[in-house]
Amino acid sequence: MSLDEKPFRTEAEPADIEIRMGLPRVRPHVVPAAGKTGPLTKDDFVTSFLVAWQPSPIPPAHWIELLREAPFGTQAIRARDLHWDGHSFSIELFNECDTEAFGGEMREGAAFANAEFGRREHTPAAEALAEARKRAEALENRFRR
């Protein structure tokens with residue numbers, strides 16, 4: 001079972017944790033604009049930015065869910081849009097303003113997740129309910145395809 005599939009910590013995980021977010025790494029991603037034919041110029045390409053943060057230490061799965069619930073982001077992009085690969089959080093953003101705004105709030109999001117993790121109950125019933133909610137969401141997403 002991956003970290004994304006198990007939303008709550010195990011008994012071995014400490015109740016008081018302090019996850020810190022490193023500074024973001026920003027990498028450009030450039031692709032040709034859709035529908036362009038003939039010789040391409042530099043104006044025929046679309047740029048996005050792949051932004052990644054590496055937390056320290058690696059957070060428990062429930063903390064990851066709390067970060068995704070954090071009340072931060074831009075008007076169009078929210079914390080729930082973050083991708084977790086087991087080592088870092090990432091998101092693709094299309095302009096510098098969104099990149100700076102979202103990146104500037106990441107530490108506040110981590111502080112929110114740290115605080116909420118300490119407040120939340122980690123019982124087997126809560127774990128079962130969270131897992132059932134995730135499975136229900138996955139079912140809904142399959143129906144949309």
Side-chain angles (χ1 to χ4, degrees), residues 1-10 12-122 126-127 129-145:
M1 185 175 276
S2 76
L3 286 177
D4 278 347
E5 293 173 348
K6 189 172 181 190
F8 289 92
R9 65 185 178 87
T10 64
E13 294 173 352
D16 294 327
I17 60 170
E18 182 69 28
I19 305 297
R20 294 169 310 283
M21 265 321 158
L23 293 174
R25 291 182 330 264
V26 181
R27 304 289 181 260
H29 184 219
V30 179
V31 296
K36 292 292 181 174
T37 58
L40 298 175
T41 69
K42 71 174 185 133
D43 295 327
D44 295 325
F45 291 86
V46 176
T47 300
S48 63
F49 300 97
L50 302 175
V51 187
W53 296 263
Q54 188 167 3
S56 178
I58 297 294
H62 185 205
W63 190 96
I64 294 165
E65 293 300 320
L66 292 170
L67 178 67
R68 287 182 176 146
E69 293 172 6
F72 78 96
T74 66
Q75 203 168 25
I77 299 132
R78 307 300 302 160
R80 69 179 164 268
D81 299 320
L82 284 166
H83 173 72
W84 171 250
D85 67 4
H87 299 287
S88 62
F89 292 97
S90 62
I91 193 163
E92 182 175 16
L93 301 168
F94 290 93
N95 63 58
E96 289 91 341
C97 292
D98 283 344
T99 302
E100 288 182 50
F102 197 90
E105 295 181 9
M106 181 57 91
R107 286 197 176 155
E108 292 173 23
F112 170 87
N114 284 334
E116 286 299 308
F117 189 87
R119 283 189 208 118
R120 301 278 175 110
E121 190 174 342
H122 306 284
E127 182 176 343
L129 178 60
E131 185 174 327
R133 284 182 177 148
K134 245 188 143 136
R135 291 170 57 201
E137 183 180 348
L139 282 168
E140 285 181 3
N141 288 336
R142 287 196 295 267
F143 285 128
R144 290 183 186 126
R145 291 182 197 155

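Annotation for Leu66 and Phe112: closest pair O-CE2, 3.6 Å, computed over non-hydrogen atoms. Listed here is the closest heavy atom pair of Arg25 and Ser88: NH2-OG, 4.5 Å. Annotation for Leu40 and Pro32: closest pair CD1-CB, 4.1 Å, computed over non-hydrogen atoms. When all heavy atoms of Met21 and Ala110 are compared, the closest pair comes out as CG-CB, 4.0 Å. The two residues Gly22 and Trp53 have their closest heavy-atom pair at O-CD1, 3.3 Å.
For the atom pair CG (Asp98) and CD (Glu92), the distance works out to 12.0 Å, reported to the nearest 0.5 Å. Note that CD of Glu100 is 11.0 Å distant from CG of Leu93, once rounded to the nearest 0.5 Å. One distance of note links CZ of Phe89 with CG of Asp81; it measures 13.5 Å at 0.5 Å rounding. To the nearest 0.5 Å, atoms CZ (Arg68) and CZ (Arg78) are separated by 15.0 Å. Rounded to the nearest 0.5 angstrom, Asn141 CG and Leu139 CG are separated by 9.0 Å. Of the inter-residue distances, the one linking Phe49 atom CZ with Ile91 atom CD1 reads 14.0 Å to the nearest 0.5 angstrom.
A heavy-atom distance below 4.5 Å is found between the side chains of Met106 and Phe102. Residues Ile58 and Trp63 have side chains not in contact (no heavy-atom distance under 4.5 Å, counting atoms from C-beta outward). For the pair Ile19/Ser56, no side-chain contact is recorded, criterion being any heavy-atom separation below 4.5 Å from C-beta on. Phe117 has its side chain out of reach of Leu67: every pair of non-hydrogen atoms, C-beta onward, lies at least 4.5 Å apart.
Taking 4.0 Å as the cut-off between side-chain N and carboxylate O, Arg144 and Glu140 count as a salt-bridged pair.
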message = Using the rule given for salt bridge (Lys or Arg N to Asp or Glu O under 4.0 Å), can you reason through Glu116 versus Arg119, listing the C-alpha separation, both sets of side-chain angles and the distance that settles it, and then say yes or no?
response = CA-CA 5 Å; Glu116 286 299 308; Arg119 283 189 208 118; 2.4 Å; yes
